[in-house]
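Below, chain A is the first sequence line, B the second, and so on; all start at residue 1. Not measured: the values here are computed from a predicted model.
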There are 2 protein chains.
Amino acid sequence: MISKACKYGIRATVFVASKIELGIKLNVKEIAKEVDAPEAFTAKILQILNKHRIITSLKGPYGGFFIDQFQLEQPVINIVNAIDGMAVFRECGLGLEQCSEKHPCPMHNQYKIAREALLDAFQKTTIGQLASQLSDGTSFINNMELSSAAATD
Amino acid sequence: MISKACKYGIRATVFVASKIELGIKLNVKEIAKEVDAPEAFTAKILQILNKHRIITSLKGPYGGFFIDQFQLEQPVINIVNAIDGMAVFRECGLGLEQCSEKHPCPMHNQYKIAREALLDAFQKTTIGQLASQLSDGTSFINNMELSSAAATD
DNA sequence: ACCAAAAAGGATAATTTTATCTTAAATAGA
DNA sequence: TCTATTTAAGATAAAATTATCCTTTTTGGT
């Protein structure tokens, strides 16, 4: 669906965003831990996010990652775009280059609905919205640790 | 979204299915060519499809791959399940193990809609339906070769 | 000016997915 | 029974993705 890197990226961004009230900067180690992603890999992803101005970073002591108010308004699709690109939302369900609205592959119409629902989900959800859904005290990882079930139901 | 292997698998199956009227068997080479997939890799995928009784194979001279009438009734999800498994349709949009209906991650509800739309597309489309959308003379690859555009629109 | 802390950047490694190659098994026909 | 053809199976390779490590740059505090 979307890459692991991208999921880490969304989680990291949302976590950083959730701390905006505190006015603190978070370092890679803290973020990686809370977000349950490998540290060095998380660092790479945070780099990308910073370059795309999804989040902001500051080097040096007392440095780290944080997010600005205006960045909370950004839709989650911006993160997906920064890490995975937009190809998934254009690609044919059968992987055919030739498939288009005018020359649709046999699955085109069915698949299109799903693809657009996914795009929609990422487009109309903002980083701020996700962040605000995190109950403040605990991390969004710890939020859920009571359950061992997957997202099936 | 779904793997390349799985897309090859769907294409191959649909192509084989589209020949049911002719009562012929197709060999790997023909299938791979028409479906625009690497030959040896296609062979592996056809093997899997045969094991899962999506299609049927026969060894030896005059052997090859074909599909039976009853197999046309199968939903495309069976192919996805055979090759990729069903995990995509259960997984959390943020990749969180802990995410569930009771303890949803911040993206849960939005993502669920898209995930279910995708599942739906694969579940309610049968192999026969896709095959019948292929205009008979040409392959479904060649069908579309007039266009160079992707499936964006 | 120097030191320590933190991100940035580059190189490398591990894993997974995609792809190929080679040999074995099955089977139809001569 | 032998041969040719075709899939099955196993081993290996290539490419892409995920992950780690090491060095450089930036910067705040002393």
Can you give me the first and the last nucleotide of DNA chain C (5' to 3') that has an atom within less than 4.0 angstrom of a non-hydrogen atom in chain B? C/dT18 to C/dG29
What residues, two or more places apart in sequence or in another chain, satisfy side-chain contact (heavy atoms from CB on, under 4.5 Å) together with [X]?
| X | answer |
| --- | --- |
| B/V88 | A/M1 |
| B/L72 | B/A17, B/I20, B/I67, B/Q69, B/I127 |
| A/K29 | A/N27, A/E39 |
| A/D68 | A/T56, A/F66, A/F70, A/Q71 |

B/K51 side chain near D/dA9 phosphate (N/O to OP1/OP2, under 4.0 Å):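 Answer is yes, contact under 4.0 Å.
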What pairs of donor and acceptor atoms, side-chain ones from residues 42-50 of chain A against any protein atom, are under 3.5 angstrom apart with sequence neighbours left out?
{"unit_1": "A/T42", "atom_1": "OG1", "unit_2": "A/P38", "atom_2": "O", "d": "2.6"}
{"unit_1": "A/N50", "atom_1": "OD1", "unit_2": "A/S57", "atom_2": "N", "d": "3.2"}
{"unit_1": "A/N50", "atom_1": "ND2", "unit_2": "A/S57", "atom_2": "OG", "d": "3.3"}

Among residues 63-71 of chain A, which contact DNA chain D at a heavy-atom distance under 4.0 Å? none
Sugar-phosphate atoms are those with a prime plus P, OP1 and OP2; base atoms are the rest. Using that split, label each nucleotide of nucleotides 10-21 of chain D B, S or - for protein heavy atoms under 4.0 Å, 5' to 3'. BB------SBB-
Going by the rule side chain to side chain donor-acceptor pair (under 3.5 Å), which residues pair with A/D84 if we only count those two or more places apart in sequence or in a different chain?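 Only A/S3 meet the side chain to side chain donor-acceptor pair (under 3.5 Å) criterion with A/D84.
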Quick one: list whatever passes side chain to side chain donor-acceptor pair (under 3.5 Å) with B/Q74, sequence neighbours left out. B/N78
Pairing residues for A/Y111 by the ring pair (Phe, Tyr, Trp, His ring centres under 6.0 Å) criterion, not counting sequence neighbours: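 Expected list: none.
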Need one value for B/I55: base, sugar-phosphate or nothing, where a base atom within 4.0 Å counts as base even if backbone is also close, heavy atoms only. nothing
Mark yes or no for whether B/R115, through its side chain, and B/E91, through its backbone, hold a donor-acceptor pair below 3.5 Å. yes
Nearest nucleotide by nearest heavy atom, which residue falls closer to the 5' end of DNA chain D, B/I31 or A/P61? B/I31
Excluding sequence neighbours, so at least two apart, what forms salt bridge (charged side-chain N to carboxylate O under 4.0 Å, His left out) with B/K124?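 Applying salt bridge (charged side-chain N to carboxylate O under 4.0 Å, His left out) to B/K124 gives B/D120.
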